[in-house]
Protein chains: 2
Amino acid sequence: MTSMNKKMPKIQDVARVAGVSTATVSRTLSSPDVVSAKTRDSVLAAVKATGYRVNRAARNLRTQRTGAILALVPNLGNPFFSEILQGMERTCKQSDYNLLIADTSETTPDADQLEGYFRDGQADGLIILDGSLPRDALENLQNQPSTYPSIFMCEWNPETNFHSVRSDNAHGMKMAVKHLADQGHTDIGHVRGPMTNVLSHAREGGFRKAMEALNLPVNENYVLDGDFTLEAGRMAGQELLRMDKRPTAMVCASDQIAFGLIAVLSQNNVIVPDDISVLGFDDVEMAEFFYPPLTTIRQDRDCLGRSAAKLLLERLKSRDMSEGATVTTIPVEMVVRSSTSAPAN
Amino acid sequence: MTSMNKKMPKIQDVARVAGVSTATVSRTLSSPDVVSAKTRDSVLAAVKATGYRVNRAARNLRTQRTGAILALVPNLGNPFFSEILQGMERTCKQSDYNLLIADTSETTPDADQLEGYFRDGQADGLIILDGSLPRDALENLQNQPSTYPSIFMCEWNPETNFHSVRSDNAHGMKMAVKHLADQGHTDIGHVRGPMTNVLSHAREGGFRKAMEALNLPVNENYVLDGDFTLEAGRMAGQELLRMDKRPTAMVCASDQIAFGLIAVLSQNNVIVPDDISVLGFDDVEMAEFFYPPLTTIRQDRDCLGRSAAKLLLERLKSRDMSEGATVTTIPVEMVVRSSTSAPAN
DNA sequence: CTCGCGAATGTAATCGATTACATTTCTTTG
DNA sequence: CAAAGAAATGTAATCGATTACATTCGCGAG
């Protein structure tokens, strides 16, 4: 029970104290410019005097909004995502929206559940960080009589048509490959993300294009499967260990992969970067502290988080339900540390 | 705008279709046992036929609840916390509560803000993971005419009287010290957390008691300040490097500290564990993949998250606002990996 | 067959804010 | 100074579910 024991002041009380109607109080609070300065002052004084706060449930019921946006995160445990949530949370708080978080790693929400978030009045908008949500579930959101505002962030679903905010994945890979090539590497491999994920394709595509641009052939044996996790990196590392001839450098689709990869190599006396250079993607906080410190492509998490939240909040405010899906690309930058160097010979 | 274009069925519609009153529909949904089997069936059929879903805002307004609980997290970017949120999120979802998340790293909420979460109708209960919230702000929550249900998790504030769920910190430290002593270490140091945090004291206390129990003197020069972060570990490492005679083992108050510490040592050719053993606390996912793999005290994050959520939800359900603050202690276990070994000589 | 009582159901007030529309007050200007 | 129009304020309907209280139904006992 949220209620205070005796009296939680309501708008009526404020109105009485200020000697105006409830309508005026409400207007003073929501659009101060339409009331006269005099009444505004007295209403605000009354608000302070009574300790009044609007009751959200009542407001939400009347306005048919919820004042919350929901982030669908593929895996809360992944530090990359949790660091992003920080930025989103800040932006939301500033706009008086609440940020709800749901982890989709356990159960992938279907069309019903997704629609349910809106129908149940849980959220006014969705920020989807999980590009693997099924297409029909997503399209269902748009085919509603009134579209439910949702945007993609970081990941996306290419078969659908939502606004999205993402990093410049291709350019990141290009910088990564160029950095290695500049140092003299020619046998460059790649550990990609899960093939069900667009990011994997975006990054692998960027990798291949960059290689081609530099006239470096891609050895398909050096392109390994993964899924962005530490464990995937470990498996890739074990595969490398089994090879007779290894690449001199590996570009990984995530920092986590790189960490896992390096861990296995180190444990087996393959020295990074002397024997093999490893490059990550994300620049999570750990990258700087790992041993060796990880050369990686930095995604601007804060900017991603803020941009996405801002974009969604703006659409909510303007009630712009238009179809034209925009893509906001956030630049990445390369952070050179010690996990890369010139090849041995 | 959450509304569907034409018609979002409401309880009236269901009542009409089922040929009963709205009261009966509501009862069927909230307490099925008080309606007759026959009406129950027809109501449920009508619900399905119309695709009805309760409107939360309306329900919340009427029942004076919000259906959400709020987690106050000191730092979302810290993987330890984000991994915990996963467990909480699951438990909440099962009980049809929403989980709201607020990061307190930017601004420490004061009494007003804390109270505001309830007064504004944002949450029915609080799970506080930040033990550094000011005492008066917290006490204010309890001194309300009707107490606002809040519990501590992981951290707590010893000056206040809330239920809390936490790991067995002292026992963890005892295992850590014993493990090192068993290997022959006598010069054992400690990097503690921030002195503003209870966990720091709990763990430092556990450390000292364990040392005493084994008749090992504590060299105060080997007790270093920190704050749970990678950066703190780095600074502690630099301090170690400056010492003429170093301890042969360090017990850190968190994994992050341990990582930072090891990183600096490694970069300066101090080998872990050969030259110095390092032990962490938490067992975040990275611990296994760091190089060298970190020996650490594992906190059962999932259990912590579930227990806390369950405790709060039960208190909400039973409306048990009693004062008796309980402490739920979750056991820890030691995970031995490769960052510890017998001392050099 | 009727009375009484518990079970099932219905009626309508209620939660607290917002806002369309109505009314009053203030400016402005011819 | 009056009239017209703009600005400020007030009145009351409304959002959609819950629930106290009233009513009706069903069944067994007398």
Side-chain angles (χ1 to χ4, degrees), chain A residues 1-4 6-44 46-47 50-67 96 118-122 124, chain B residues 1-4 6-44 46-47 50-67 96 118-122 124:
Chain A
M1 300 299 314
T2 297
S3 65
M4 283 192 36
K6 271 298 157 267
K7 44 185 70 172
M8 185 95 130
K10 44 185 80 169
I11 202 168
Q12 293 276 9
D13 302 316
V14 179
R16 192 175 320 116
V17 171
V20 298
S21 72
T22 63
T24 299
V25 175
S26 178
R27 280 190 282 253
T28 306
L29 264 27
S30 57
S31 30
D33 37 314
V34 308
V35 303
S36 76
K38 199 173 0 163
T39 36
R40 192 186 316 141
D41 291 346
S42 69
V43 168
L44 292 179
V47 165
T50 54
Y52 170 76
R53 308 230 193 183
V54 313
N55 177 312
R56 295 203 172 214
R59 164 187 290 177
N60 292 348
L61 174 58
R62 183 56 230 244
T63 59
Q64 304 287 73
R65 299 168 348 103
T66 72
D96 198 37
F118 293 102
R119 299 272 315 275
D120 287 352
Q122 306 206 54
D124 295 330
Chain B
M1 299 298 315
T2 297
S3 65
M4 285 193 34
K6 271 298 159 267
K7 45 184 71 172
M8 186 95 129
K10 44 185 80 168
I11 203 168
Q12 292 275 8
D13 302 317
V14 179
R16 192 175 320 117
V17 172
V20 298
S21 72
T22 61
T24 300
V25 175
S26 177
R27 282 190 280 253
T28 306
L29 265 26
S30 56
S31 31
D33 37 313
V34 306
V35 302
S36 76
K38 201 176 354 164
T39 36
R40 192 187 317 141
D41 291 345
S42 69
V43 168
L44 292 179
V47 166
T50 54
Y52 170 77
R53 308 228 194 183
V54 313
N55 177 312
R56 295 201 172 216
R59 164 187 291 178
N60 291 349
L61 173 57
R62 184 57 230 245
T63 60
Q64 304 286 70
R65 300 168 348 101
T66 73
D96 197 38
F118 293 102
R119 300 270 317 275
D120 287 352
Q122 306 205 54
D124 296 329

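- For C:dA7, neither phosphate oxygen OP1 nor OP2 lies less than 4.0 angstrom from any side-chain nitrogen or oxygen of B:Ser36.
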Fill in: Contact pattern, 5' to 3', of nucleotides 17-25 of chain D - B, S or - by protein heavy atom under 4.0 Å
BBB------
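- Whole-Å rounding puts the B:Asp120 CG to C:dG16 P distance at 14 Å.
- Following rounding to the nearest Å, A:Asp41 (CG) and D:dA8 (P) show an atom-to-atom distance of 14 Å.
- Salt-bridge formation is not detected for the pair A:Asp33/A:Arg40: no Lys NZ or Arg NE/NH1/NH2 atom is positioned less than 4.0 Å from an Asp or Glu carboxylate oxygen.
- A 4.5 Å side-chain heavy-atom check between A:Val47 and A:Leu29 finds at least one atom pair inside the cut-off.
- Salt bridge status for A:Asp13 with A:Lys10: absent, with no side-chain N to carboxylate O gap under 4.0 Å.
- The two atoms that bring B:Arg53 and A:Asp120 nearest to each other are CD-OD1, 3.0 Å, heavy atoms only.
- The listed nucleotides are D:dT11, C:dG16, C:dG10; the one nearest the side chain of B:Val20 is C:dG10.
- Considering only heavy atoms from C-beta on, A:Arg16 stays 4.5 Å or farther from A:Ser21 through its side chain.
- Distances shown here put a side-chain N or O of A:Gln64 below 4.0 Å from the OP1 or OP2 atom of D:dG16.
- Inspection of the A:Ser36 and A:Thr39 side chains reveals an N or O donor paired with an N or O acceptor under 3.5 Å.
- We find that NZ of B:Lys38 is positioned 18 Å from P of C:dA7, with the value rounded to whole Å.
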